[in-house]
Amino acid sequence: MSAVSDRLPAFPWDKLEPYKQTAAAHPDGIVDLSVGTPVDPVPEHIQKALIAAADSPGYPTVWGTPELRDALTRWVEHRLGAREVTHRHVLPVVGSKELVAWLPTQLGLGPGDQVAFPRLAYPTYEVGARLARAGHVAYDDPTELDPSRLKLLWLNSPSNPTGRVLAKEELTRIVAWAREHGVLVLSDECYIELGWEADPVSVLHPDVNGGSYDGIVAVHSLSKRSNLAGYRAAFLAGDPAVLGPLLQIRKHGGMMPPAPTQAAVVAALGDDEHVRVQRERYAARRTALRDALLAHGFRIEHSEASLYLWATRDESCWDTVAHLADRGILVAPGDFYGPAGDRFVRVALTATDERVRAAAARLTA
């Protein structure tokens with residue numbers, strides 16, 4: 001077992017614990033804007049769907065119920081503008097982090113292969129490459145990479161941590177380059193419903209892919225849009241030539257979303273109103289935190305989408321973490337997402353309205 005764990009970096013969040021203790025000692029309590037875990041209630045109709053499916057004594061299917069696959073295909077067409085999506089184009093997964101961490105292994109990648117991801121990125125992209133014993137490389141522009149060993153290219157728009165959105169023209173250019181060189185594109189689009197100053201576009205849109213899903217797969221999650229992080233509900237959509245073998249592998253591995261979760265996803269994807277309500281909550285919190293950070297002397301870059309503000313005081317990210325912890329506010333240091341983030345912090349919008357007001361008051365006092 002140590003041979004596997006030795007491939008992995010130290011778990012980054014453990015380094016934040018002393019600062020969490022400092023923030024928790026604030027007389028008015030901690031405002032935790034670090035991890036980005038949803039805090040608002042699961043919409044009632046989704047809870048009811050989960051409860052109604054609670055009597056599920058049999059094994060669920062890895063591919064999901066026909067009702068779930070119908071819901072996935074409808075949503076991909078309705079929300080993302082994709083066309084002619086069938087059940088073969090979709091695959092439910094047990095949360096997107098599981099998928100990201102184990103996809104290189106499930107694709108059969110290993111020594112000699114390479115996985116690429118943005119220079120500022122969700123750290124699990126690298127973890128997935130390490131678990132597969134594949135190489136990994138961070139990029140600013142993926143089309144400048146050497147494609148000779150590159151097997152898997154991760155895109156992430158809107159970005160975690162920066163909130164940056166790739167324009168349609170940029171996505172089109174990257175997809176064309178990847179196809180030219182036989183590189184599989186995995187587009188992490190888990191924040192696509194949360195565009196503020198930009199309208200994120202999926203690689204599944206025909207304007208990006210030319211009406212073909214060859215060599216492209218998009219990753220979507222219900223954790224943020226529907227407050228379902230605790231349900232572990234996500235899915236893939238795209239090239240059947242990729243999803244078909246993945247389905248078989250995942251059958252052998254027993255990687256099946258629980259039946260009640262599958263029913264909840266059907267309810268969640270069939271309703272747009274709760275997404276609108278949640279967006280309004282996050283928009284108000286974003287405005288309050290953004291204004292307070294700017295008033296406190298921060299500069300904010302990108303952040304046109306997603307659930308985070310990418311902020312800097314032009315100092316070491318750990319100095320900023322300590323500065324805010326002294327005020328009872330916990331944020332994520334930017335170097336968790338790559339060395340290029342060493343002068344930024346990621347500020348999550350995922351705190352209650354009351355806690356966001358408390359943070360804003362402390363920053364503007």
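No hydrogens, no waters, no symmetry mates; every other heavy atom, side chains included, goes into these values.
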query: Does Arg299 pair with Glu301 as a salt bridge, N-O distance under 4.0 Å?
result: yes
- request: Flag the pair Arg285 and Asp353 as a salt bridge only when some basic side-chain nitrogen lies within less than 4.0 angstrom of an acidic carboxylate oxygen.
  value: yes
message: Can you tell me if Glu84 has over 12 outside heavy atoms packed within less than 6.0 Å of its CD?
response: no
- request: Would you indicate whether Arg327, at its atom CZ, is surrounded by more than 12 heavy atoms from other residues, nucleotides or ligands within a distance under 6.0 Å?
  value: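 Correct, the count exceeds 12.
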- request: Hey, could you give me the NE2/CG distance between His181 and Leu150, rounded to the nearest 0.5 Å?
  value: 9.5 Å
query: How many angstroms lie between CD in Gln278 and CZ in Arg276, if you round to the nearest 0.5 Å?
result: 11.5 Å
message: So that I know where these two stand, are Trp196 and Tyr282 an aromatic pair - ring centroids less than 6.0 Å apart?
response: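 When the ring centroids of Trp196 and Tyr282 are compared, they turn out to be at least 6.0 Å apart.
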query: When the ring centroid of Tyr19 is compared with that of Trp318, is the distance short of 6.0 Å?
result: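 Centroid distance Tyr19-Trp318: below 6.0 Å, so yes.
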message: Run the side chain to side chain donor-acceptor pair (under 3.5 Å) test against Asn156 and tell me which residues pass, sequence neighbours left out.
response: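 Partners of Asn156 by the side chain to side chain donor-acceptor pair (under 3.5 Å) criterion come out as none, since no residue qualifies.
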- prompt: Just one of Phe235, Trp63, Tyr213 clears the ring pair (Phe, Tyr, Trp, His ring centres under 6.0 Å) bar with His89, so which one?
  reply: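 The passing option is Tyr213.
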message: I need the single residue from Phe336, Tyr337, Tyr191 that forms a ring pair (Phe, Tyr, Trp, His ring centres under 6.0 Å) with Tyr308. Which is it?
response: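 That would be Tyr191.
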message: Taking side-chain hydrogen bond (donor to acceptor under 3.5 Å, both in side chains) as the cut-off, I'd like each qualifying pair that reaches into residues 231-243, sequence neighbours left out, listed once.
response: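 Listed by first then second residue: nothing to list.
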